[in-house]
Amino acid sequence: MAADPAITLRLPDGKPLPMPKGSTLLEVAKAIGARLAKDAIAAKLDGRIVDLSERVQSDAQVAILTPQSPEGLAVIRHSAAHVMASAVKQLFPGALVTIGPAVDDGVNGFYYDFDFDRGFTEEDVAKITARMEEIIRQDVPFARSEVSRDEAQARFAAQGESYKLELLEAIPAGEQVSLYQHGEFVDLCRGPHLPSTGRIPAFKLMSVAGAYWRGDSKRKMLARIYGNAFASKKDLEAHLSLLEEARRRDHRLLGKQLDLFSFSPSVGGGLVLWHPKGAQVRYLIEDFWRQTHFDYGYELVNTPHIGRAELWQTSGHLGFYKDNMYAPMEIEGNPFYLKPMNCPFHIEIYKSALRSYRDMPIRFAELGTVYRYEASGVLHGLMRVRGFTQDDAHIFCRPDQLDREIRRCLQHTFFLLRAFGFDKFDIYLSTRPEKFVGEPADWERAQEALRSAMQAEGLEFKIDPGEGVFYGPKIDIKIHDSLGRSWQCTTVQVDFNLPRRFEVEYVDQNNTRVQPFMVHRALLGSIERFFGVLLEHHAGRFPAWLAPVQAVVLPVTRDQQAYAQKVQAAFRAAGLRVQLDDRSEKLGFRIREAQLAKVPFMLVVGQREVEQGGVSPRAGGGEDLGFMSLDEAIGRLSREAARPARPVVEEV
RNA sequence: GCCCACAUAGCUCAGUCGGUAGAGCACUUCCUUGGUAAGGAAGAGGUAAUCGGUUCGAUUCCGAUUGUGGGCUCCA
């Protein structure tokens, strides 16, 4: 040992660790601590995630990965995918293996795709689970080997694994590839993997689905099995109960239970029917939205649902967006299209007058209802529909105003989203893609404006290089809901395409006509989807200012009916949405119904309340607030059901 | 759109190995007026998603269509 030349490894805390050259990472872990060595499942060597069996030959940065780290968890899940594939091959030798990575979509942690003609049934999944448990119990070691591509081809050809051969085709001849083997099962895989199958602490197969080979709808449909794996049984249980909670607050279920909206096969898929209570909430959202837009200096506009084909020709939508547009309808010989976007109309309003640099910025906002063709298979409740209302706006501004306008948009966005109860966000800046329109210099300028606006607002953001739309860079904001799931709502996009196509201009200080910057932005995204997200976020219990019914008056007996009507009228006069439930049912029954309807307040009035001229409110949570005078109760409910305060708009 | 699954009363579901269907809740009427999460009785309600086919006979088997769910792809 002493003869081995020493190397120095640098640990995450910055401490140096001298080790003999050629030590395995497991030995490194042991040198750090016995407990760490026991927990270790893989390691990070100069940023590269590798097996514990890998030998370190030179000085390097080293971190030992345990199941507690996201990377460690990914290794467990990837290994679980291999174990699943081996179980499938044992049970169904006719199934061909394809790929099986670790993923993290909030539900699943890994999958493996098989070419298996019969497809997998529930019973198959149960059998596969049992076989996987056996393989894990046997604690079979994962062994890595490196072979030439040609040798790998020969091996997979012998096994008839045609998909693996296809993957190998893409690798240059003569290159080394890595194989991972546990038991009989060998897979082409970069790795890394756990030391052995016994190191998978807890897993569950979640579902079976179809998936195209290489995600290409022209290629073969494969049978995919999804699963998830965790660092402990407890983590798995927690995950499953989170999924259970998500099912419980599924907006489609709540929409039915609370009588908010529905879909009808007679109307068509993806077309929402808003019931009175749902429409009430929607209008409250929209009213608040409008008020904030006035506060942030927008002017509201209103535009038609259809427009002539020429308009969409000019905008370019018939070129790049046609697949999402409905077939044209002919009106007196002219083709018209249902609008998939509002921009061309807002531009026409802009162009209805000659604009001066003094007029800028011009901010047009509209709750514009658009129709987009969506393949039937992707429709999903309110989250993915064919007709929806965008909270759309277009800002036309001078180059020197862009930065300021973006900051304003961001302030407006966060004000609005916070008002609805969201306070955690992921922000992304998407930059110029390979195919783009406009001048690179303008792109630079716009990207810089987006970046500096976010920095000025003190926002942390990630950059998605090359993920911008072809017409301009954009900022996307995802909100986190109460279950920790994230939803893309807000998008702020600079557009270099439409101003050019429509010859949008203003007259500058030098009396020359120049093209303004144009910004598209949707803050809530789509009202339909936002409503769905909001519904799930609050589990159907809207904040009192949005509740379709804010209180229900419950007379104890028929004798208080007249008084109850007076109470209802008094609350209504104060602007509260109050209903009266004087059906001949017992009080307990009516309380139960109001509770299930998630009404924030119940106003119980019996003989005592009549005599003393008050009410006894009960909060939606079940708390009896005790007797109070009518004025006191109206004051309290008015405060609790107050709309969020208006924003303080800073001029930046 | 593609793969798989599903579609029975307003809702949630049961049942029918091919012989035209049932429960609970909701609804209507009556009784009950009860102080903080389900009082009682009676009644009404179904062209079994739609359209074809096989069969003496189809809600049940087969096909198509529409819709829904889980995915793929795409996106607000």
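All of these numbers come straight from a predicted model, not from anything done at the bench. Note on naming: letters A, B, ... go to the chains in the order of the sequence lines (proteins, then strands), and numbering restarts at 1 for each one.
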>> The criterion is side chain to side chain donor-acceptor pair (under 3.5 Å); which residues satisfy it with A/Lys598, sequence neighbours excluded?
In response: none

>> Can you tell me which nucleotide in B/U32, B/G71, B/C27 comes closest to the side chain of A/Arg583?
In response: B/C27

> For every nucleotide of nucleotides 41-47 of chain B, 5' to 3': is a protein heavy atom under 4.0 Å from its base (B), only from its sugar-phosphate (S), or from neither (-)?
Replying inline: -------

> Is the closest basic N to carboxylate O distance between A/Asp250 and A/Arg247 below 4.0 Å?
Replying inline: no

> Any donor-acceptor pair under 3.5 Å linking the side chain of A/Arg386 with the backbone of A/Glu374?
Replying inline: yes

Can you give me the N/O atom pairs linking the protein to nucleotides 10-13 of chain B at distances under 3.5 Å, or say none if there are none?
residue : atom : partner  : partner atom : Å
B/U12   : OP1  : A/Lys256 : NZ           : 3.0

> For B/U68, does either OP1 or OP2 sit under 4.0 Å from a side-chain N or O belonging to A/His380?
Replying inline: no

> Where the side chain of A/Ser376 is defined as all heavy atoms beyond and including C-beta, which of B/G1, B/A26, B/G70 is the nearest nucleotide?
Replying inline: B/G1

Without placing hydrogens or testing angles, list every side-chain donor-acceptor pair under 3.5 Å for residues 266-276 of chain A, not counting sequence neighbours.
residue  : atom : partner  : partner atom : Å
A/His275 : ND1  : A/Asp259 : OD1          : 2.7
A/His275 : NE2  : A/Ser262 : OG           : 2.7

>> Can you list everything that forms a ring pair (Phe, Tyr, Trp, His ring centres under 6.0 Å) with A/Phe120? Sequence neighbours excluded, please.
In response: A/Phe92, A/Phe114, A/Phe116

> Within 45 degrees of the axis of the six-membered ring of A/Phe110 and under 6.0 Å from its centre: does A/Arg77 put its NZ or CZ there?
Replying inline: no

>> Using a heavy-atom cut-off of 4.0 Å across all strands, would you classify A/Leu379 as base, sugar-phosphate, or nothing?
In response: sugar-phosphate

>> Is it the case that the base of B/G35 and the side chain of A/Gln560 share a donor-acceptor contact (distance under 3.5 Å, atom types as modelled)?
In response: no

>> Show me the dot-bracket string of RNA chain B, counting Watson-Crick or G-U pairs under 3.5 Å, with | for pairs to another strand and [ ] for crossing ones.
In response: (((((((..((((.....[..)))).(((((.......))))).....(((((..]....))))))))))))....

> By side chain to side chain donor-acceptor pair (under 3.5 Å), which residues pair with A/Arg608, not counting sequence neighbours?
Replying inline: none

> Contact class for A/Tyr226 vs. all strands (heavy atom < 4.0 Å): base, sugar-phosphate, or nothing?
Replying inline: sugar-phosphate

> Reckon A/Arg252 touches a base, only the sugar-phosphate, or nothing at all at heavy-atom distances under 4.0 Å?
Replying inline: sugar-phosphate

> Given B/G39, B/A37, B/G70, which nucleotide is nearest the side-chain atoms of A/Phe589?
Replying inline: B/G39

>> Just to verify, what does A/Trp487 make a ring pair (Phe, Tyr, Trp, His ring centres under 6.0 Å) with, not counting sequence neighbours?
In response: none

Show me the donor-acceptor pairs, under 3.5 Å and distance only, between side chains in residues 587-597 of chain A and residues at least two apart or in other chains.
residue  : atom : partner  : partner atom : Å
A/Arg590 : NE   : A/Glu585 : O            : 3.0
A/Arg590 : NH1  : A/Pro555 : O            : 2.9
A/Arg590 : NH1  : A/Asp581 : O            : 2.8
A/Arg590 : NH2  : A/Pro555 : O            : 2.9
A/Arg590 : NH2  : A/Glu585 : O            : 3.2
A/Glu593 : OE1  : A/Arg583 : NH1          : 3.4
A/Glu593 : OE1  : A/Arg583 : NH2          : 2.7
A/Gln595 : OE1  : A/Arg618 : NH2          : 3.1
A/Gln595 : NE2  : A/Gly620 : O            : 2.1

>> Determine whether a donor-acceptor pair (N or O, by modelled atom type, separation under 3.5 Å) exists between the side chain of A/Arg249 and the backbone of A/His537.
In response: yes

Between protein and nucleic acid, restricted to nucleotides 73-76 of chain B and to nitrogen or oxygen atoms under 3.5 Å apart, what atom pairs and distances do you find?
residue : atom : partner  : partner atom : Å
B/C74   : O2   : A/Arg384 : NH1          : 2.8
B/C74   : O2   : A/Arg384 : NH2          : 2.2
B/C74   : N3   : A/Arg384 : NH1          : 3.1
B/A76   : O3'  : A/Arg529 : NH1          : 3.4
B/A76   : O2'  : A/Arg529 : NH1          : 3.1
B/A76   : N6   : A/Glu374 : OE2          : 2.7
B/A76   : N6   : A/Arg384 : NE           : 3.4
B/A76   : N6   : A/Val385 : O            : 2.9
B/A76   : N1   : A/Val385 : N            : 3.3
B/A76   : N1   : A/Val385 : O            : 3.3

Check residues 519-531 of chain A and write down every donor-acceptor pair under 3.5 Å in which the side-chain atom is one partner and the other belongs to a residue at least two apart or another chain.
residue  : atom : partner  : partner atom : Å
A/His520 : ND1  : A/His394 : NE2          : 2.9
A/His520 : NE2  : A/Asp495 : OD2          : 2.7
A/Arg521 : NH1  : A/His293 : NE2          : 2.9
A/Arg521 : NH1  : A/Tyr298 : OH           : 3.2
A/Arg521 : NH2  : A/His293 : NE2          : 3.2
A/Arg521 : NH2  : A/Asp391 : O            : 3.0
A/Ser526 : OG   : A/Glu528 : N            : 3.3
A/Ser526 : OG   : A/Arg529 : N            : 3.0
A/Glu528 : OE1  : A/Thr389 : N            : 2.8
A/Glu528 : OE2  : A/Arg282 : NH1          : 3.0
A/Arg529 : NH1  : A/Gln488 : O            : 2.8

> Which word best sums up how the rings of A/Phe320 and A/His317 line up, parallel for under 30°, tilted for 30 to 60°, or perpendicular for over 60°?
Replying inline: tilted

> Can you name the ring pair (Phe, Tyr, Trp, His ring centres under 6.0 Å) partners of A/Phe571, sequence neighbours left out?
Replying inline: none

